[in-house]
Amino acid sequence: MATNNEFRTCPDTGLLFHKPAETLMRLNAVVAVVFLMFGGIFGLLVGLTRWPAVHLLPADTFYLVLTSHGINVLIFWVIFFEVAVLYFCSSTLLRVRLATPRMAWLGFALMLIGAVTNNIAVLSGRSSVMMTSYVPMSAEPAFYLGLILFAVGALIACFVFLGTLVIARAEKTYEGSLPLVTFGALTAAIIAIFTIASGAIILIPTFLWSVGYISNIDPLMYRVIWWALGHSSQQINVAAHVAVWYAIAGVVFGAKPLSEKVSRTAFLMYILFLQLASAHHILVDPGVSSEWKIFNTSYAMYLAVMASMIHGLTVPGSIEAAQRKRGFNKGLFEWLRKAPWGNPTFSGMFLSLIIFGFIGGISGVVMGVEQINLIIHNTIYVPGHFHATVATGTTLAFMALTYWLVPILFRRKLMLAGLAKIQPYIFGLGMSGVALFMMGAGTLGVPRRHWDMAFSGATMPYDFPAAAYTLMGLAGASVVLAVIGGAIFILVVVLSVFFGKRLGDTEKSAVPMIAQPVTSYEGIGIGSIAIPGTLVLAMVFLASFVLYYFVNWKYLAQTWGLS
Amino acid sequence: MSSLSPPAHKIWWKEPIERVEIMWIGICIVWGLLMTFMMPYWHVVGKQNLSNEAYRITPAYFQKKAQEVVDKHTVRVETDQKIPVVAPPVGSDVYLVARLWEWWPILELKKDQSYRLHISSMDWQHGFSLQPANINAQIMPGYDMVITVTPNKAGTYSVVCNEFCGIGHHKMVGKIYVKE
């Protein structure tokens with residue numbers, strides 16, 4: 001055991017912080033927010049260009065900004081934040097010192113150098129290749145090199161996390177099994193290691209190709225392996241933000257999972273099946289057989305989908321059970337009505353869950369069907385989908401957690417609390433609009449990654465129907481709303497971290513920061529059903545899912561015959 | 001104990017499962033199986049499926065094949081660029097070339113007739129996006145993708161590029177006529 005002055009006990013939560021770990025958590029979280037800010041500003045520029053009435057940027061700048069937007073938010077923001085989450089879930093939750101803080105610093109340095117290198121390559125204007133950098137279009141070597149350095153740094157962070165788990169077990173700092181939240185973080189770390197390995201397999205040869213050492217990279221092979229990186233990296237986010245959902249349910253309501261077995265098995269299913277589901281990016285590629293496509297997107301993806309559907313039931317289910325146990329046991333939805341909707345940690349988390357499931361989840365499964373993908377692939381429906389999953393699901397969950405972490409980690413009082421209260425609603429509403437309007441425009445065929453839907457300068461331009469222009473305009477307006485929400489978040493966090501009223505190391509904040517754990521779920525619910533409200537929500541979800549799924553088959557049946 | 005702490009019962013895997021959870025898992029399994037069934041089922045009864053037919057080719061070879069069809073079946077030229085309009089015989093092999101930044105040539109097909117459409121790229125990756133039918137596919141250099149198409153409505157269709165292919169990406173629009 002390290003010396004005692006390396007630790008401090010949080011007066012508000014009783015959590016034990018290892019100071020070197022705490023410094024790294026702060027730093028990773030702050031850097032994450034900086035990249036979110038960059039990515040968000042670029043997102044605004046993208047949105048304002050794709051808003052047909054505004055059409056802000058010229059084509060070359062647009063593609064540069066779009067590349068940068070994707071990489072900064074999809075990779076740098078989420079992964080820096082996830083490293084902070086990993087250290088919190090290991091060192092803090094298990095009350096143990098962080099393994100090899102020096103290596104953790106090295107990981108952090110590599111990630112930062114990599115992220116900056118990649119950004120410089122993109123901003124120099126010669127690497128506008130989108131996040132996917134499909135060969136044979138090439139970027140500057142620094143583009144790939146930056147990503148590789150970043151990945152090595154993230155890999156080190158994963159191993160520091162695993163090492164910390166080993167130390168906790170060896171030093172017996174906890175009894176029995178890992179907490180569920182740490183188990184979720186472990187899931188994210190394992191998927192991250194797989195993801196980074198896939199990234200190395202494809203990005204290292206591509207880097208060598210860009211410097212002229214390798215003569216040719218097969219474009220289909222590139223896509224198959226790149227998506228083992230590209231999609232799996234988003235599964236890190238899913239595992240991490242589901243862990244954050246459970247954490248917030250524990251923090252705000254003292255909720256424990258309905259059953260450990262079910263929630264843990266669902267996490268395990270992510271590890272077993274999510275990566276294979278990357279195949280759904282290759283559904284309309286030549287040279288890959290239908291058998292391969294169906295095999296990988298049915299048994300694998302649907303078991304992973306099932307895992308998410310289970311979390312979608314157990315997270316609100318555990319909240320309902322805890323609320324009922326606390327006395328809000330009347331009717332179907334008293335537990336939800338009486339939830340702390342003014343607490344951004346709760347409202348952000350719950351909106352994240354609802355939008356991720358209803359918009360992101362359903363659309364993701366539907367477009368992952370081999371044949372339905374024909375009417376969706378590469379339309380703006382696709383970014384519509386992932387703005388519901390990553391921009392709302394992951395980002396809003398992380399924002400919600402941050403509101404709770406700022407006073408605890410930085411010992412500063414949250415500033416502009418009134419603004420923070422409404423922020424999740426503004427951001428959630430804006431991003432839902434972004435997602436839904438883009439999905440709508442996508443069903444009318446509007447392409448993604450495209451500067452001008454009016455095709456100015458084309459020999460034979462295509463006229464999109466007026467509805468497509470209206471939808472893209474609404475998407476643009478929603479982008480502005482979402483960016484206002486994002487800006488409020490950054491303002492609140494930056495002001496609080498640097499100028500918030502200092503809380504002493506022993507001073508307690510006025511409101512309790514963590515709920516008393518609920519010990520049993522006996523005697524709640526209606527009749528023999530403990531969580532009737534969640535069951536009704538789940539049935540509404542299922543009905544929407546089934547309906548939307550078959551509506552898309554019907555759309556597909558109306559187009560040209562293809563065989 | 002909340003989800004932030006180790007499970008209260010050390011032997012948590014022997015705890016009973018909440019009834020609603022079991023019910024939900026059952027529903028998920030049935031729904032997953034149904035969705036799994038739908039894909040092969042559509043291959044049997046559905047009319048919109050990609051074939052598994054694709055060939056590794058060189059861009060030069062593909063260009064040559066496309067040129068042969070153009071030389072044989074061009075019925076007129078259109079626009080200032082004199083883009084050939086090709087009306088191939090029903091059931092024949094038709095070639096569509098994707099290159100920076102055009103879809104070449106223009107095709108003229110007959111409604112309710114089938115054609116073996118070959119598509120490949122001469123340079124970077126492109127996205128075949130037929131509007132307003134909204135049929136989309138990934139087009140790669142070195143791969144000849146063969147799709148048997150059967151247009152079900154007469155009219156003028158556009159082929160938009162929906163994979164980013166550089167600064168002229170938005171100018172890459174081709175045309176397919178479907179006649180009664």
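Letters A, B, ... are given to chains in the order of the sequence lines, protein chains preceding strands, and every chain is numbered from 1.
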### Query
B:His43 and A:Glu370: side chain to side chain contact (heavy atoms under 4.5 Å, CB included), yes or no, with the steps?
CA-CA 10 Å; B:His43 274 279; A:Glu370 190 204 357; 2.7 Å; yes
### Message
Please determine whether side chain to side chain contact (heavy atoms under 4.5 Å, CB included) holds for the pair A:Thr534 and B:Val20, giving the CA-CA distance in whole Å, both sets of side-chain angles, and the decisive distance to 0.1 Å.
### Response
CA-CA 9 Å; A:Thr534 303; B:Val20 173; over 6 Å; no
### Message
Under the criterion side chain to side chain donor-acceptor pair (under 3.5 Å), I'd like the reasoning laid out for B:Asn52 against A:Ser290: C-alpha separation, chi angles, the key distance, then a yes or no.
### Response
CA-CA 6 Å; B:Asn52 287 326; A:Ser290 289; 3.1 Å; yes
### Trace of the side chain to side chain contact (heavy atoms under 4.5 Å, CB included) decision for A:Tyr555 with B:Asn134
CA-CA 10 Å; A:Tyr555 278 145; B:Asn134 203 14; over 6 Å; no
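A donor-acceptor pair under 3.5 Å is absent between the side-chain atoms of B:Asn136 and the main chain of A:Asn378, judged by distance alone. A donor-acceptor distance shorter than 3.5 angstrom exists from the side chain of B:Gln131 to the backbone of A:Gly445, with no hydrogens or angles considered. The closest donor-acceptor contact from the side chain of B:Gln125 to the backbone of A:Tyr134 lies at 3.5 Å or more, if one exists at all. Checked by atom type and distance alone, the side chain of A:Asp285 never pairs as donor or acceptor with a backbone atom of B:Gln138 at under 3.5 Å. Side-chain atoms of B:Asn152 come within 3.5 Å of backbone N or O of A:Thr559 as a donor-acceptor pair. For the pair A:Gln371 (side chain) and B:Met39 (backbone), a donor-acceptor distance under 3.5 Å is present. Distance alone, capped at 3.5 Å, places no donor-acceptor pair between the B:Glu18 side chain and the A:Leu258 backbone. Formation of a donor-acceptor pair under 3.5 Å by the B:Lys171 side chain with backbone atoms of A:Gly457 is not found in this model.
Comparing A:Asp60, A:Ile375, A:Ile310 by heavy-atom pairs within less than 4.5 Å of chain B, the highest count is held by A:Ile375. Per-residue heavy-atom pair counts under 4.5 Å with chain B were compared for A:Val305, A:Thr379, A:Leu15, and the maximum is reached by A:Thr379. Comparing A:Ile282, A:Asp463, A:Leu556 by heavy-atom pairs within less than 4.5 Å of chain B, the highest count is held by A:Leu556. The most heavy-atom pairs under 4.5 Å with chain B, out of A:Thr297, A:Leu94, A:Ile376, A:Val546, come from A:Val546. The greatest number of non-hydrogen atom pairs below 4.5 Å with chain B, out of A:Arg448, A:Gln516, A:Glu175, A:Glu291, is found for A:Glu175. Ranked by heavy-atom pairs under 4.5 Å with chain B, the first of A:Met130, A:Arg223, A:Met306, A:Met309 is A:Arg223.
Between B:Lys10 and A:Gly176, the closest heavy-atom pair is CE-N, 3.8 Å. Of all the heavy atoms in B:Val173 and A:Ala458, the pair that sits closest is CG2-CB, 4.2 Å. B:Trp124 and A:Pro136 make their closest contact through NE1-O, 3.4 Å (heavy atoms, listed as atom of the first residue, atom of the second, distance). The heavy-atom pair separating A:Val284 from B:Met145 by the smallest distance is O-CE, 3.3 Å. Between A:Ser177 and B:Pro6, the shortest heavy-atom contact is O-CB, 3.1 Å. Here the closest non-hydrogen pair linking B:Ser3 and A:Tyr246 is CB-O, 3.9 Å.
Side-chain contact check for A:Ser563 and B:Asn49: no donor-acceptor pair (N or O, by modelled atom type) lies under 3.5 Å. Between the side chains of A:Asp218 and B:Tyr143, a donor-acceptor pair is found at a separation under 3.5 Å. Side chains of B:Thr150 and A:Trp560: no donor on one and acceptor on the other come within 3.5 Å. For the 3.5 Å distance criterion, the side chains of B:Gln81 and A:Thr459 qualify, holding a donor opposite an acceptor. No side-chain donor-acceptor contact under 3.5 Å links A:Glu260 and B:His9.
Contacts between A:Leu303 and chain B at a heavy-atom distance below 4.5 Å are absent for every atom of the residue. Residue A:Ile372: no heavy atom, backbone or side chain, is found under 4.5 Å from chain B. If you measure heavy-atom distances from A:Phe541 to chain B, the contacts under 4.5 Å come from the side chain alone. Only the backbone of A:Leu178 comes within less than 4.5 Å of a heavy atom in chain B; its side chain stays farther off. Proximity to chain B is absent for every atom of A:Thr132, based on heavy atoms less than 4.5 angstrom apart. Only the side chain of A:Phe550 comes within contact range of chain B, with at least one heavy atom under 4.5 Å from a heavy atom of that chain. A:Val369 touches chain B through backbone and side chain together, each having a heavy atom under 4.5 Å away.
Ring orientation note: the planes of B:His169 and A:Tyr63 are tilted relative to one another, at an angle of 30° to 60°. Between B:His170 and A:Trp451, the angle of the ring planes goes over 60°, which puts this pair in the perpendicular group of the 30/60° scheme.
Taking a cutoff of 4.0 Å between a charged side-chain nitrogen and a carboxylate oxygen, A:Arg449 and B:Glu163 qualify as a salt bridge.
Shown here is B:Arg99, whose CZ atom has more than 12 heavy atoms of other residues, nucleotides or ligands within 6.0 Å. Atom NZ of B:Lys110 sits in a sparse spot, with 12 or fewer heavy atoms from other residues, nucleotides or ligands closer than 6.0 Å.
Residue pairs meeting the salt bridge (charged side-chain N to carboxylate O under 4.0 Å, His left out) criterion with at least one member in residues 26-53 of chain B, sequence neighbours excluded, are B:Glu53-B:Arg116.
Atom-to-atom distance recorded for B:Gln48:CD and A:Leu562:CG is 6.0 Å, nearest 0.5 angstrom. For the atom pair A:Lys293 NZ and B:Leu50 CG, the distance stands at 5.5 Å (nearest 0.5 Å). To the nearest 0.5 Å, the span separating OG1 on A:Thr265 from CD1 on B:Ile17 amounts to 7.5 Å. Atom-to-atom distance recorded for B:Ile27:CD1 and A:Phe545:CZ is 12.5 Å, nearest 0.5 angstrom. Note that CH2 of B:Trp24 and CG of A:Leu542 are 5.0 Å apart. Values are rounded to the nearest 0.5 Å. Here the CD1-OG distance, from A:Ile514 to B:Ser2, works out to 6.0 Å after rounding to the nearest 0.5 Å.
For the pair A:Arg264 and B:Trp12, the cation-pi test (distance below 6.0 Å, angle within 45°) is passed.
Contact annotation: the side chain of A:Ser298 never approaches that of B:Met35 to less than 4.5 Å [non-hydrogen atoms, C-beta and beyond].
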